[in-house]
Amino acid sequence: FVALSNGTVQAFNADTLESLWIYQDPLGGQPNSPLTVHNGYLYTGFWNSETGDANFVCLSVTDEDPEDAKESKAASWFRTAKGGYYWAGAYATDEYVLVGTDDGTNSCTGQSSSLLMLDARTGDLLDSEEGLNGDIRSTVVYDSVTDACYFASKGGSFYSVKTELTEEGWALTTLWSVALN
């Protein structure tokens, strides 16, 4: 899988390097986010400007039409955010995807970025942490020892958050942060 300019992702056969499919995001944007692949799906985000809308997408990795090397891939789902997703790598499980957003302002320390918990199958918002310090421009990573996820923001904060399956569904819990001076 290769992220290309103007909101494009292209899939290639790993052995032959022949094209399998091409995804073109309707909002375009820079494909600066890491490509996360989990359980047959690819998750990535795009960025259009500090204040423009951009999409985070879920793409099936399946080649639905092996005869068409330039098959046009449609997103399984997408989530649009003001400010978009710049260097925002996702952590994906079978149940949910965690990804951070830019803050949608020209300030690197605005208190308006978000950590989103999205349903891995539908993209529905399961939970979120709002008002975080600056653009979230790191990959969300999981540590099995602490059973927590970690990420950093452009505003100079290092965050930890836990997830929990409650009676209402998956939720973010126990958020804490440290200012990185």
Side-chain angles (χ1 to χ4, degrees), residues 3 29-48 50-61 75-181:
Q30 295 178 17
N32 298 332
S33 295
L35 306 174
T36 300
V37 177
H38 179 78
N39 200 25
Y41 290 91
L42 180 147
Y43 304 94
T44 194
F46 303 100
W47 185 82
N48 280 312
E50 291 284 342
T51 59
D53 286 345
N55 286 329
F56 181 81
V57 299
C58 170
L59 307 171
S60 167
V61 300
S76 298
W77 55 259
F78 63 91
R79 168 76 48 181
T80 305
K82 184 176 180 120
Y85 308 86
Y86 193 99
W87 295 341
Y91 169 66
T93 72
D94 291 346
E95 293 81 22
Y96 61 83
V97 177
L98 297 179
V99 66
T101 70
D102 261 27
D103 65 8
T105 71
N106 284 320
S107 168
C108 67
T109 58
Q111 304 296 307
S112 55
S113 64
S114 303
L115 178 69
L116 306 177
M117 177 184 253
L118 306 172
D119 185 295
R121 292 167 295 282
T122 66
D124 291 341
L125 183 66
L126 300 174
D127 201 359
S128 66
E129 287 289 344
E130 307 290 331
L132 302 179
N133 183 27
D135 303 324
I136 298 173
R137 292 196 170 172
S138 74
T139 298
V140 178
V141 296
Y142 172 75
D143 177 60
S144 62
V145 174
T146 61
D147 193 32
C149 291
Y150 299 90
F151 59 97
S153 75
K154 186 177 171 182
S157 295
F158 178 63
Y159 291 94
S160 171
V161 67
K162 292 193 174 197
T163 62
E164 180 180 336
L165 183 57
T166 68
E167 289 183 14
E168 292 80 34
W170 283 99
L172 298 169
T173 63
T174 321
L175 176 77
W176 61 260
S177 66
V178 173
L180 302 174
N181 296 323

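Checked against ring-ring contact (aromatic ring centres under 6.0 Å, His included), Y91 has the following partners two or more places apart in sequence or in another chain: Y142. Applying the ring-ring contact (aromatic ring centres under 6.0 Å, His included) test to W87 and every residue at least two apart in sequence or in another chain returns nothing. Scanning for salt bridge (charged side-chain N to carboxylate O under 4.0 Å, His left out) contacts around E50 gives R137, K154, with sequence neighbours left out. With sequence neighbours left out, F78 forms a ring-ring contact (aromatic ring centres under 6.0 Å, His included) with no residue at all. With sequence neighbours left out, N55 forms a side-chain hydrogen bond (donor to acceptor under 3.5 Å, both in side chains) with D25, T80. Checked against ring-ring contact (aromatic ring centres under 6.0 Å, His included), Y85 has the following partners two or more places apart in sequence or in another chain: F56.
Using modelled atom types, no side-chain atom of S128 and backbone atom of E130 make a donor-acceptor pair closer than 3.5 Å. No donor-acceptor distance shorter than 3.5 angstrom exists from the side chain of S157 to the backbone of N133, with no hydrogens or angles considered. Not one N or O on the side chain of S114 forms a donor-acceptor pair closer than 3.5 Å with the backbone of L116. Looking only at distances, a side-chain donor or acceptor of S113 sits under 3.5 Å from a matching main-chain atom of L132. When atom types are taken as modelled, the side chain of D102 and the backbone of G84 share no donor-acceptor pair closer than 3.5 angstrom. Judged by distance alone, with hydrogens and angles left aside, the side-chain atoms of S153 form no donor-acceptor pair with the main-chain N or O of D135 at under 3.5 Å. At distances below 3.5 Å, at least one donor-acceptor pair connects side-chain atoms of K162 with backbone N or O atoms of T146. Checking side-chain atoms of N48 against main-chain N and O of G29 turns up a donor-acceptor pair under 3.5 Å. Judged by distance alone, the side chain of T36 and the main-chain N or O of A90 form a donor-acceptor pair under 3.5 Å.
One finds the OG1 atom of T93 at 7.5 Å from the CG atom of L98 (value rounded to the nearest 0.5 Å). Rounding to the nearest 0.5 Å places CG of L175 at 8.0 Å from CG of L115. C58 SG to L42 CG: the interatomic distance, rounded to the nearest 0.5 Å, is 8.0 Å. Here the OH atom belonging to Y150 is positioned 5.5 Å from the CG atom belonging to D143, to the nearest 0.5 angstrom. The structure places CD of E129 at 9.0 Å from OG1 of T173, a figure rounded to the nearest 0.5 Å. Note that CG of D127 is 4.5 Å distant from CG of L172, once rounded to the nearest 0.5 Å.
Between S112 and T105 the shortest side-chain heavy-atom distance falls below 4.5 Å. In this structure, D103 and Q111 have side chains that are not in contact, with every pair of non-hydrogen atoms separated by 4.5 Å or more. Between L126 and L118, the closest side-chain pair of non-hydrogen atoms is not below 4.5 Å.
Using the six-membered ring where Trp is involved, W77 and Y43 have ring planes that are tilted, between 30° and 60° apart.
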For side-chain contact (heavy atoms from CB on, under 4.5 Å), just list the numbers for F46 and V57, CA-CA rounded to whole Å, side-chain angles, deciding distance to a tenth of an Å, and then say yes or no. CA-CA 9 Å; F46 303 100; V57 299; 3.9 Å; yes
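Between the side chains of E164 and T166, no donor-acceptor pair of N or O atoms lies under 3.5 Å.
In plain terms, the two heavy atoms of M117 and T163 that are nearest each other are CE-CG2, 3.5 Å. For the residue pair D94 and H38, the shortest heavy atom distance occurs at OD1-NE2, 2.7 Å. When all heavy atoms of S76 and S60 are compared, the closest pair comes out as OG-N, 3.6 Å. The minimum heavy-atom distance between V140 and C149, with the atom names listed, is CG1-CB, 3.9 Å. Nearest heavy-atom pair across S138 and A152 is OG-N, 2.9 Å.
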